[in-house]
Amino acid sequence: MAKRFWLMKSEPSSFSIDDLRQKKTTLWDGVRNYQARNFMTNEMKVGDEALFYHSNADPPAAVGVMTISGAAEPDPTQFDSEDSHYDPKATPGRPIWYGVRVKFKSKFARPVSLPEMRSHKALQKMVLLQKGSRLSIQPVTEKEFEIVCKLGSKKNPESKK
DNA sequence: GCCAACGTTGGC
DNA sequence: GCCAACGTTGGC
């Protein structure tokens, strides 16, 4: 099956691209939305690539790329009553929430901000840009993925003016 | 099954 | 800090 592309959000105040770069790999935990979970359990494959997106940041932006390195597994934070993601309805025998393992691939030379993506003609259909879209894990097309990566690899996007 | 109330996300 | 949009819960 062909490689697919994703966008995954994290608030940099809790986990940033630099944290991932340092750790190299992490379990993408804390997802508590069924649609986002289903992407991880049903659709993601090891080897897929994802844009790392900083939400609630200034500015919100795509900041790098990671690789899906491990299939979905139960998210341990759902069982931990001390954790803010604790879910009392979940048990180890019947987990509700899952996470995939991700591996750092690259950090962009510069962030590709939300307004920049919004102003880009070829990115208009990105799930991220749709009104009211809050999905923390979402598919992106290969083309969208490539465009964002290309924008992120340029040091001086404004110089072409 | 409907829908009001509530909690959360996330841009601004 | 505000608030629009969304998802979930629970009464009926």
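Since this is a predicted model, take the numbers as computed values, not measurements. Quick note on labels: first sequence line is chain A, next is B, and so on, each numbered from 1.
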Distance check needed: [N] [atom2] versus [X] [atom1], whole Å only.
| X | N | atom1 | atom2 | value |
| --- | --- | --- | --- | --- |
| A/N33 | C/dA5 | CG | P | 18 Å |
| A/L129 | B/dG11 | CG | P | 11 Å |
| A/L135 | B/dG10 | CG | P | 9 Å |
| A/H54 | B/dC12 | NE2 | P | 17 Å |
| A/L114 | B/dT9 | CG | C1' | 14 Å |
| A/R134 | B/dG7 | CZ | P | 14 Å |
| A/M8 | B/dG10 | CE | P | 13 Å |
| A/L128 | B/dT9 | CG | C1' | 13 Å |

Inset, instruction - Choose from C/dA5, B/dG10, C/dT8 the nucleotide whose nearest atom is closest to any side-chain atom of A/Y34. - result: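 Closest nucleotide to the A/Y34 side chain: C/dT8.
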Legend entry - Closest to side chain of A/S136, choosing from B/dG10, C/dT8, B/dC12: B/dG10
Inset, instruction - Please figure out whether A/N56 or A/G132 has its closest DNA chain C nucleotide nearer the 5' end. - result: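 The 5'-side residue here is A/N56.
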Legend entry - Residue mapping more 5' on DNA chain C - nearest nucleotide basis, A/K89 or A/K131: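 First, find each residue's nearest nucleotide; the 5'-ward one identifies A/K131.
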Quick one: is [N] close enough that its OP1 or OP2 comes under 4.0 Å of any side-chain N or O from [X]?
| X | N | answer |
| --- | --- | --- |
| A/K9 | B/dG10 | yes |
| A/Y53 | B/dG11 | yes |
| A/R118 | B/dC12 | yes |

Legend entry - Cationic N near anionic O, under 4.0 Å, A/R21 to A/D18: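 Yes.
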Legend entry - Donor-acceptor pair under 3.5 Å, A/R32 side chain vs B/dT8 base: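 By the distance-only test, no, there is no pair.
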Inset, instruction - Kindly say whether the aromatic ring centers of A/F52 and A/W28 come within a distance under 6.0 Å. - result: yes
Inset, instruction - Measure from the ring center of A/W97 to the ring center of A/Y86 and say whether it is less than 6.0 Å. - result: no
Legend entry - Atom pair CG (A/D75) and CG (A/D29), whose distance is rounded to the nearest 0.5 Å: 5.0 Å
Legend entry - Between A/R32 and A/T77: side-chain donor-acceptor atoms closer than 3.5 Å: yes
